[in-house]
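Just passing along the structure, written as structure tokens.
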Amino acid sequence: MTNNVNDWLSEHGDYLYRFALARLRDQHQAEDAVQETMLAAIKSNSFEGESSARTWLTGILKHKIIDLQLKQIREQPISALVDLDASDTSMDDFFDESGHWLDKPQTLEMPENALQQKQFLSILNACMDKLPTKLAAIFMMRDVHETDNENICKELNITATNAWVMLYRARMGLRKCLEIHWVVR
Amino acid sequence: MKLKFHLFICDACNRFNQQLRLLNKAVKRLIQTTESDNTIQLSLEAKARITSAIESKKH
């Protein structure tokens with residue numbers, strides 16, 4: 001099995017590294033995730049060749065990435081992320097007494113081809129880097145990996161409202177950053 | 001049904017929804033760009049470290 005794993009590292013190591021780096025956005029964490037994946041592959045010894053080795057390894061890596069992102073979030077008290085004591089967190093931050101938005105979302109102007117433009121992607125990249133690590137992690141877990149909200153709350157021992165507030169702040173932080181730095185042409 | 005009706009009358013909520021979809025699309029595009037960039041590779045040091053960790057599992 002270890003011989004296979006050495007071959008897999010040569011054949012798929014770089015791909016797995018890029019996969020992890022794109023999601024963890026940290027070189028050392030991405031390297032650790034690849035290493036953990038290879039070690040888990042040895043331990044599980046369950047590859048049966050029904051899917052390709054790359055697909056199987058990527059499946060393991062996805063779990064390792066989520067574990068690392070949960071660890072990132074757990075390292076800081078949730079109350080520090082929502083700027084409020086966890087039990088006091090409420091929707092009141094965002095809506096007035098009649099349920100209307102306090103700060104109405106405005107239209108984010110963006111040309112159709114923006115997603116294809118290198119400049120836009122590099123601004124988005126910089127905006128992601130500016131997000132607090134833990135908010136970026138919950139954003140990636142929820143919006144990119146589409147991890148179930150219930151699971152996130154259970155793993156982090158937070159309420160659905162806390163999760164919503166953190167996610168909202170991550171999304172609005174990104175949106176604001178793009179609004180400031182992306183000039184529509 | 002209630003949510004659909006609310007979205008029908010709430011412009012700000014619709015804009016919020018559109019922004020979420022756009023952000024989601026943009027971040028996924030950013031991820032694809034990194035994934036397909038073949039110039040990004042594990043460093044030789046990292047490969048050596050991982051190989052050594054694999055070897056140590058043998059014993």
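Letters A, B, ... mirror the listed sequences (proteins, then strands); counts begin at 1.
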Contact list (residues 58-68 of chain A to chain B, heavy-atom gap under 4.5 Å, by number) returns none
How far does CZ of A/R74 sit from CD1 of A/I158, to the nearest 0.5 angstrom?
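Reported to 0.5 Å precision, the distance equals 10.5 Å.
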In this structure, CD of B/Q41 is separated from OH of A/Y17 (nearest 0.5 Å) by 10.0 Å
Under 4.5 Å to a heavy atom of chain A? For B/T33 that would be side chain
> Hey, what do you get for NZ (B/K47) to OG (A/S10), rounding to the nearest 0.5 Å?
Replying inline: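 Spacing of NZ (B/K47) from OG (A/S10) equals 7.0 Å.
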With chain A, the option among B/T51, B/L30, B/D37, B/T34 that has the most non-hydrogen atom pairs under 4.5 Å is B/L30
Q. If you measure from CG on A/L131 to CD1 on A/I138, what distance do you get to the nearest 0.5 Å?
A.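 Rounded to the nearest 0.5 Å, the CG-CD1 separation comes out at 12.0 Å.
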Restricting to non-hydrogen atoms, name the atom on A/D143 and the atom on B/N24 that form the minimum distance, rounded to 0.1 Å.
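Minimum heavy-atom separation between A/D143 and B/N24: O-ND2, 2.9 Å.
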| task | Kindly confirm or rule out a cation-pi arrangement of A/R171 over A/F139, judged by NZ or CZ under 6.0 Å from the six-membered ring centre and within 45° of its axis? | result | no
Between A/A163 and A/N149, the two heavy atoms sitting closest are CB-OD1, 4.2 Å
Residue pairs passing the disulfide (SG to SG under 2.5 Å) test with at least one member in residues 135-169 of chain A, sequence neighbours excluded, are none
From the list A/L39, A/L16, A/L174, the residue making the most non-hydrogen contacts under 4.5 Å with chain B is A/L39
Set out, in order, the CA-CA distance, both residues' side-chain angles and the distance that settles side chain to side chain contact (heavy atoms under 4.5 Å, CB included) for A/K134 and A/Q69, then state yes or no.
CA-CA 8 Å; A/K134 286 85 185 176; A/Q69 287 173 328; over 6 Å; no
Checking heavy-atom separations under 4.5 Å from chain B, one finds in residues 21-34 of chain A A/L21, A/A22, A/R23, A/R25, A/E31, A/V34
If the condition is disulfide (SG to SG under 2.5 Å), which residues does B/C10 pass it with, not counting sequence neighbours?
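Disulfide (SG to SG under 2.5 Å) list for B/C10, sorted by chain: B/C13.
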message: Determine whether the aromatic ring centres of residues A/Y168 and B/F16 are separated by less than 6.0 angstrom.
response: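 Distance test on ring centres: under 6.0 Å, yes.
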*asked:* Which atoms of B/Q18 are under 4.5 Å from chain A, going by heavy atoms: the side chain, the backbone, both sets, or neither?
replied: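 Neither; nothing under 4.5 Å.
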When the 4.5 angstrom heavy-atom criterion is applied to B/D11 and chain A, the contacting part is neither
Reported OG-to-CG distance for the pair B/S36 and B/N38, which is rounded to 0.5 angstrom:
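Nearest 0.5 Å value for the OG-CG distance: 7.5 Å.
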